[in-house]
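Read the structure below first, then the notes.
Order of the sequence lines sets the chain letters (A, B, ...), proteins ahead of strands, with each chain counted from 1. These numbers come from the heavy atoms of this one structure, side chains and all, not from hydrogens, waters or symmetry mates.
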Amino acid sequence: MIKRQVLLYYLCISLLLFGCADPKILERVSLAILVGYDVEEEDKVTATVALRTVNQELQSVVSIASQTEKTSKGTRIKASLDSTKQIVAGQLRVILLGKKLAESGINEALHTTKMNSEMSSGLYFAIVDGETKPLIEKKYENISDIGQHIFYLLDHNIEEQTILSSTLHETVRDSYSPYIDMALPLLVQDEDDVHISGLAIFNGDKMVGKLVGSDPFYVVLVREKYNAGSIQLSIPGEPFKNLSDEIPDEIAMAIDSIFSKRKIELLNKDTPEFEIDVKVEGRILEIPPSITTEDPEVIKKLETEVEKKFEREISRIIKKTQELNSDVFGFGEVYKAHVGTKNVDKKKWKELYPTIKVNANVTVKLLRNGVFD
Amino acid sequence: MFNKKKKNNKEQITNEQTEMQEPTKHYSKNELKQTLEILSKEEFINLIKEKINSPSDFIIKNVTDEITIVYIDNLIEVKSLTDLTIPTLQNISDPTPQTIKEKLPLAQIDISNKLDILIYELLEGAALIHTKENAEIIIAKISSYQSRGLSAPENESQVIGSQVGFNESLATNISLIRRFVTSPNLCNEKFEVGEDTITSISLIYIKGVASEEQVNTIRQRIESLDVSGLIDSAILAELIDDSSKTVFPQMLLTERPDRFCDGLLSGKIGIMMNGSSMGIVTPVAFIEFFHSKEDQNLRWQIGTMLRLLRLFAMIFSIFLTPIYVAALTYHYEIISQTLIVPLSESRAIVPFPPILEALLLELIIELLREAGSRLPTKVGQTVGIVGGIVIGTAAVEAGITSNILIIFVALSALASFTTPNYVMANIIRFLRFPIIILAGIWGFLGIMLAVCFLLIHLLRLTSLGAPYLAPLYPTRLKDLPNSLIRLPLSIISRQAVNTRKGDEESTKQKDSKKVSE
């Protein structure tokens, strides 16, 4: 009994001797929200940070700090010299990488980020078509906080599945796997705005190209399931000419509430040949009024045309990625699952990928067509 | 183990008492244990006077030459003395104790020649009737006990359900209990505790429902009590509970007869004490302190919702301020982006670190509560206004605290008041302080340390040998429908497993089942 009490006292005293943890009191630190990395000459990296600090007038202000150093931690130390408050990275939401840096390889940036225990695994990566420094430093008329703006820009687009999700967790997962390549959101700086232009696609850790326009839609269609996607597309007007004289050559239509399921199967190990089965259900949102959607025959025709369009587009994008040797769809994962890791390594898959044959097979079902019928 | 502790306790108390008292006239029970011989009137009066230190309210009445009545003023009912006793006595021709006992129109009359009994009864409010040339004295119990009428329970009020509460008279309380439980199996064992107060204690349980083992334990604990005085049942509960080191009460104090009887029906043991309006119910589990009798009077869906609400309020109340302190001091990472701007803006000009800020505000709230509860109602309202509006607003404007913390502290104080049991509500408010300090020193690590400590402590506690955290751990599936939630009455088992009968009986039942198979 006495022994136990003595032990307890020792425990208490030793706990007190641990001392306090290193406090980072919220209003006494500068929170980095957005970081952009650009490559400079002589292996140096320029880091541009959007910082949020609270000033004595009770206002939270955003300031920008930029430093060039050999390591990213080095840039942080240097930036601290300019700052009145300690700079901490725990609230970091987005890391932007300049195009030049992405083309020379992003492994180092990924590595330093995931090494830092402060960082959330939910922060987003994005590539800037150009340099990050001018994008972050510019004073936009309608954007008061560039960090928050870019975070929300990426966040809601990822939520709506217009682009692939690029959290630290997922990006690191893709970068580790030899059988799939990364595809990160691509941002573009405009006159007075920042917007997403598409996906930057990678071969290994190096950016090799980009998919713009409606291309990201098809990448998501093959890689993931849609819960509520939407797309605007144009199909040839030729099959509908009999309906009315006003039918244009190209029918522009929009489909939303898209639910999709996809299945990739390996048909032949040797060639190798794949088959993609995609089932799409959706609702017609917009279509020229001359096309009578009340008629089931017309709907059937529309469905076939949309299927053809989807198949064409998917094949085209796959061909493009094969030219760039960037397997963003993850055919390698399927292949590996069939032949085993022993028979295919990264190098071999990189040699195989440009030669694979893919048959896209899309079934489209247009469930509803608006509120009126 | 238990006995030893209690004895030490007793010795301490008695030692203190003797030191305080003057050493001269103090009679122990043994000294008074003498049998009276035939005494003359004067001798008897002098003896009694001497033994009770001749108080000024000691009254001697000579009825006839042969009959004398002595009593203590104010303790007896004067009406039955003047209207019933004295006229009857005057008309008795042959005054022997037996005839007087037969003829007196009173309900309770005893005859004794034991001095200690006589003194005790005299002090309880009996009139002693001395007759010439008889050693035996008649004890006419005509005590008048001043007690307030039955009123609604103030501390455990409820909307639906009986509106009667216990009062300070043991007799009234027991009659209340007997009105609820008419079963002949309702046992009422009487004890007298306290050398000076000689307080009556009733041990109440339903035979066949309550566990014999637990009844024996509690009986033994009460019998081995050796204190000079007991004033309230709260003190009694502390003296006879399992562990006196912990802050958590292991016996439930209630002023509601319906709750008391509900406990009896589910196999718990009740203790009532004369002079106290609180009954003790034991054994109880931790969860039961968050139950109100009203949960059972409402529909089960609403009852469940209320119970879950209280449980949530308890956790909320303990951990909200510590989480604020930990998050703002160490873990700014977990604050969501939408909250970080208003949080840091409201903290911007506060000169203290979050831990001091939180402790200061919690202290202010506790001061307000304490001031409000000790003052008369009218002044109490003023305190509320001064505290809530003036101090609250001024503190924020002066930049001593942040707006958001004021909301948090007020919310957690409010949440702590949802606990139906006053004792437990106090503990929940008290628990917050060490956890805030730990959160201020080690952040979430400190909070986890406190949680672990609390859990281990609660797991080790027992109430009359029954596990305190039951039915959560050890898991008693049968009791779960009436613990965190309240399911329909058809599902709830009447007897709590905590109070189930000893292992002997259950093994016997098993054996008999085996035989029958």
Can you tell me which portion of V29(A) sits under 4.5 Å from chain B's heavy atoms? Options are side chain, backbone, both or neither. neither
Is it the case that atom CD in E159(A) sees more than 12 heavy atoms from other parts of the structure closer than 6.0 Å? no
Hey, could you give me the NE2/CD distance between H331(B) and E118(A), rounded to the nearest 0.5 Å? 12.0 Å
Within the structure provided, determine whether L343(B) and L26(A) are in side-chain contact (heavy-atom separation under 4.5 Å). yes
Counting only heavy atoms not in E170(A), do more than 12 sit closer than 6.0 Å to its CD atom? yes
Does CZ belonging to R460(B) count more than 12 external heavy atoms closer than 6.0 Å? no
For chain B, the option from M119(A), R28(A), R93(A) that forms the most heavy-atom pairs under 4.5 Å: R93(A)
So, do K24(A) and E333(B) sit near enough that their side-chain heavy atoms are less than 4.5 Å apart? no
Measure distances from L92(A) to the heavy atoms of chain B and classify the residue's part below 4.5 Å as side chain, backbone, both or neither. neither
Mark yes when over 12 heavy atoms from residues, nucleotides or ligands other than H169(A) sit less than 6.0 Å from its NE2; otherwise mark no. no
Select one option (side chain, backbone, both, neither) describing which atoms of I335(B) are under 4.5 Å from chain A's heavy atoms. both
Select one option (side chain, backbone, both, neither) describing which atoms of S336(B) are under 4.5 Å from chain A's heavy atoms. backbone
Just checking K85(A): does its NZ atom have more than 12 heavy atoms from other residues, nucleotides or ligands closer to it than 6.0 angstrom? yes
Verify whether one side chain among Y332(B) and E27(A) offers a donor that lies under 3.5 Å from an acceptor in the other. no
Side-chain touch I25(A)/R347(B), heavy atoms, less than 4.5 angstrom: yes
Close approach to chain B in residues 145-155 of chain A, criterion heavy atom under 4.5 Å: Q148(A), F151(A), Y152(A)
